[in-house]
Amino acid sequence: MTALGDLLIARIARTGPISLADYMADCLMHPEHGYYATRDPFGTSGDFTTAPEISQMFGELIGLSLAQAWIDQGQPTPFTLAELGPGRGTLMADVLRATKAVPGFHAAMSVHFVETSPVLRKAQAIRVPDAAWHDTVETLPDQTLFLIANEFFDALPIRQFVREGHAWREKMVGLTDDRLSFGLSAAAPIALLEHRLDDTQDGDLVEYCTALPAIVQSISAKIARWGGTAIIVDYGDWVSLGDTLQGLKAQQHVDLLETPGGADLTAHVDFAAIAENAAPAKFSRLTTQGVFLERLGITQRAQSLAGALNGDALKSHVAAHRRLTHPGEMGDLFKVMGIYPANATPPPGLEP
Ligand code: SAH
């Protein structure tokens, strides 16, 4: 058992079972033993890789979409360019490079990162030294907000509930023979799942991301009031149904309870929950990553970059293009949703 596992076992023995969200929060962000708090997990030799680590084209195209949205909204100045959970800072570095030539964009912006991991903040500072860091979205400046979040919401702790009649039993982490084990709480009606009584049946499992509503409400309120756009990319779908929680280590699935703090834990994102919390701003239609990137011209960009490459570099560039866009790879699994002011149009790539 890991050091965090021993701490959790002692805590549960003392105070009783904890919710899955509490378990995830400690596994990911415990200050001494949390997965993100203590390491840089990215890259092809790491535990998992993400779209900006696969190809520079991902960040470049998102940067151009945001810059066009800024122009379409009349070039509001000054504005915040923010990223939630920036990982190594690669995506923002690509956004900044691609938007350098957009007249006035860099002069009007200040870059803000929302990141809780000290290790990843250091990695981000190497690539984007001029950023300002925040623990939560609450402290982002009160001004126009252009924002990106790639694979951020999937890292937020979720609760899981199993339906029983008109009530729910919550998945808990407890102990069996001094080892961590899953159990279910007694059934109780849960007000925040009232709307799920319409689209579920007895025995169905639903997930609820506890931090999501407040985060989306906070960024949407700024966008509605001062203008801007958020582009949210993640794996998931319109509505979550079923158990999507996964543990990942060295690009392999691992048992959720075996190595607390030693593996990434992620769950699919419920985009309907993002849409429900977007008011008074508007949300775009949910678009697959493949379609979004194609609409932004990834194939032309890939061809132009290919001109300078040969051999293995060319092969891996072609593979990266395919990996980001192909329906059998990230193209369909990952979805994109935009949030934008009621008097503006959706950002390029997310039009109806
Ligand atoms: N966007 C990056 C990294 C995704 S991994 C990429 O595409 O490569 C998730 C990121 O969110 C990490 O940087 C992690 O440290 C951060 N993170 C996770 N939970 C967080 C929270 N509650 N608040 C702020 N950042 C968080």
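Note that this is a predicted model, so its numbers are computed, not measured. When a ligand or atom number is given, it counts from 1 through the structure's own listing order.
Of the protein's non-hydrogen atoms, the one nearest atom 15 (O) of ligand 1 is Glu115 OE2, 2.6 Å. Protein heavy atom nearest atom 7 (O) of ligand 1, with residue, atom name and distance: Asn150 ND2, 2.7 Å. Among all non-hydrogen protein atoms, the one lying nearest atom 19 (N) of ligand 1 is Met29 CE, 3.5 Å. The protein non-hydrogen atom at the shortest distance from atom 6 (C) of ligand 1 is Thr50 OG1, 3.3 Å. The shortest contact between atom 2 (C) of ligand 1 and any protein heavy atom is with Gly85 O, 3.3 Å. Scanning all protein heavy atoms for the shortest distance to atom 4 (C) of ligand 1 gives Glu151 O, 3.3 Å. Among protein heavy atoms, atom 21 (C) of ligand 1 sits closest to Thr116 OG1, 3.6 Å.
Looking at ligand 1, you won't find any N or O of Ser117 less than 3.5 Å from one of its N or O atoms.
Smallest separation of non-hydrogen atoms from Thr38 and Val119: C-CG2, 3.7 Å.
Atom CG of Leu184 sits about 9.0 Å away from atom CD of Glu164, to the nearest 0.5 Å. Rounding to the nearest 0.5 angstrom, the gap separating the OG1 atom in Thr49 from the CE atom in Met330 is 8.0 Å.
Under a 4.0 Å criterion applied to the non-hydrogen atoms of Gly87, ligand 1 contributes the atoms 2 (C), 3 (C), 13 (O). Residue contact check: Leu156 has heavy atoms under 4.0 Å from atoms 22 (N) of ligand 1.
Gln124 and Glu115 share a side-chain donor-acceptor pair at under 3.5 Å.
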Handout entry: Derivation of the side chain to side chain donor-acceptor pair (under 3.5 Å) call for Ser110 and His112
Key = CA-CA 7 Å; Ser110 55; His112 294 258; 3.1 Å; yes
Problem - Trp238/Phe271 under ring pair (Phe, Tyr, Trp, His ring centres under 6.0 Å): CA gap, chis, key distance, verdict - result: CA-CA 5 Å; Trp238 180 247; Phe271 279 94; 8.2 Å; no
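Of the possible polar contacts, none joining the Thr80 side chain to the Ala82 backbone as a donor-acceptor pair under 3.5 Å is found.
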